[in-house]
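Taking it in order: structure first as structure tokens, then the write-up.
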Amino acid sequence: VMSFTGYSSAELLKMNMRQLFSSSELNKKPLRYDLLDKGEIILAEREIIRKEGSTVIVEMTSRKMPNGTYQSFMRDISERKAFEKTLVESERKLKTIIETSPDGIAITALDGTVQFVTNQIVSLWGYSTSEEIIGRNVLEFVDEAYRGKASYLISEMLKGNLTGAAEYLMIRKDGSAFYCESNANVLHDGSNNPIGILFVNRDITSRKQTELDLIRAKEAAEESEAKYRLVFENAPLGLIHYDSNGQIISCNEEFVRII
């Protein structure tokens, strides 16, 4: 007790136990002599006031001795409590990040059973509540043509071979389809054992549509260019192209014949 209270043994022997605690601490957690007198062993976390005024959190185990006195074992748990506080704050920050992320986040068991989804996933997949999704296999929401790809990439990831983002065609509750970019990674416990899979989904339907439009435009341009070249080469008139400096760029066969 001396090591974390700052008092000497002589000073402690002149004090009452209540002097180690603030009045507010004693009001919240009174020293339960009544329970100790009944033979109970009481385990409690308490905040002790050090000699210089700072506080320390201890785990205090108290009992009544056969001779009628009371005995308490105290263990400094300040570091543990500080760690717990940091963990709670980290969990709160993580929850905020997850809930405010524009991307949908889902967590599944190793067998693919959905255990957690954010509101973004619920909306993205076309459902009203998370209860409609949790408990089902994640592959149920993937278009049948893409399930083989998804199963393969998940199995590779579980082997430690990360394959990066993948694109899938997903199926909403109403049967409509949308393109999704999915990033995934394995979740581990404190012993580094795999315990689940984290998926981050993003709707890329607009991007895929733009890509399709560009491909179609390119194909149309190439077709138009081919038609133009056909007319150019077979025109009954001599045709010539040249730049602003007069440099000839191209000409058709009729022009060659003429000159």
Side-chain angles (χ1 to χ4, degrees), residues 93-94 96-108 112 117-127 138-187 197-259:
K93 289 178 182 178
L94 179 60
T96 300
I97 291 171
I98 288 175
E99 291 179 345
T100 58
S101 170
D103 297 328
I105 297 173
I107 295 175
T108 74
V117 290
T118 60
N119 290 333
Q120 289 84 346
I121 283 286
V122 174
S123 176
L124 183 62
W125 292 2
Y127 290 83
V138 70
L139 292 179
E140 292 182 38
F141 308 96
V142 180
D143 183 84
E144 191 171 349
Y146 285 75
R147 289 179 187 173
K149 172 185 176 181
S151 295
Y152 170 75
L153 292 179
I154 290 173
S155 65
E156 285 297 299
M157 180 177 57
L158 291 174
K159 294 175 186 177
N161 303 320
L162 298 183
T163 55
E167 296 179 1
Y168 302 101
L169 189 64
M170 307 283 288
I171 304 299
R172 294 189 179 94
K173 181 180 179 179
D174 62 6
S176 62
F178 68 99
Y179 281 99
C180 171
E181 180 182 85
S182 180
N183 280 281
N185 210 333
V186 181
L187 298 173
I197 303 172
L198 173 73
F199 294 90
V200 180
N201 286 182
R202 175 177 297 177
D203 187 348
I204 58 168
T205 303
S206 296
R207 190 185 81 191
K208 295 296 288 186
Q209 186 59 52
T210 300
E211 291 174 357
L212 183 60
D213 290 343
L214 288 173
I215 291 172
R216 288 173 177 170
K218 182 175 182 294
E219 291 174 346
E222 290 173 348
E223 182 181 356
S224 178
E225 175 66 17
K227 288 180 180 179
Y228 173 77
R229 293 302 304 176
L230 184 64
V231 172
F232 181 82
E233 293 295 344
N234 295 283
L237 302 175
L239 295 176
I240 182 172
H241 286 171
Y242 49 91
D243 61 21
S244 59
N245 295 318
Q247 180 65 44
I248 297 174
I249 299 172
S250 64
C251 61
N252 65 358
E253 289 298 322
E254 183 61 19
F255 181 81
V256 175
R257 190 190 66 75
I258 291 173
I259 62 171

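Owing to the predicted nature of the structure, the values given are computational and were not obtained by experimental measurement.
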Please list all pairs meeting salt bridge (Lys or Arg N to Asp or Glu O under 4.0 Å) that have one or both residues in residues 166-176, counting only residues at least two apart or in different chains. Glu132-Lys173, Glu167-Arg207, Glu167-Lys208, Arg172-Asp203
Working to the nearest 0.5 angstrom, can you tell me the gap between [X] [atom1] and [Y] [atom2]?
X      : Y      : atom1 : atom2 : answer
Ser155 : Leu153 : OG    : CG    : 7.5 Å
Ile215 : Thr210 : CD1   : OG1   : 11.0 Å
Ile105 : Phe199 : CD1   : CZ    : 13.0 Å
Leu139 : Ile154 : CG    : CD1   : 5.5 Å
Ile197 : Leu187 : CD1   : CG    : 8.5 Å
Cys180 : Ile171 : SG    : CD1   : 11.5 Å

Can you give me the closest heavy-atom contact between Val256 and Cys251, atom names plus distance? CG2-SG, 3.9 Å
For Ala106 versus Val117, what's the shortest heavy-atom pair and its separation? CB-CG1, 3.9 Å
Note: Glu219-Arg216 ion pair, threshold 4.0 Å (strictly below): no
For the pair Arg147 and Glu144, find out whether any cationic side-chain nitrogen is under 4.0 Å from an anionic carboxylate oxygen. no
I'd like to know if the side chain of [X] and the backbone of [Y] have a donor-acceptor N/O pair within less than 3.5 Å.
X      : Y      : result
Gln120 : Ser101 : yes
Asn201 : Gly104 : no
Thr205 : Phe178 : no
Ser224 : Ala220 : no
Asn245 : Gln247 : no

Above 12 or not: heavy atoms from other molecules or residues under 6.0 Å from CD1 of Ile249? yes
Taking everything shown except Glu140 itself, do over 12 heavy atoms lie less than 6.0 Å from its CD? yes
Provide the full list of ring pair (Phe, Tyr, Trp, His ring centres under 6.0 Å) pairs with a residue in residues 139-160, sequence neighbours left out, each pair given once. Trp125-Phe141, Tyr127-Phe141
For Asn234, enumerate each residue passing the side chain to side chain donor-acceptor pair (under 3.5 Å) test, keeping only those at least two apart in sequence or located in another chain. none
Candidate pair Met170 and Val142, rule side chain to side chain contact (heavy atoms under 4.5 Å, CB included), full reasoning: CA-CA 4 Å; Met170 307 283 288; Val142 180; 3.8 Å; yes
Contact check, side chains of Val186 and Met157, non-hydrogen atoms, under 4.5 Å: yes
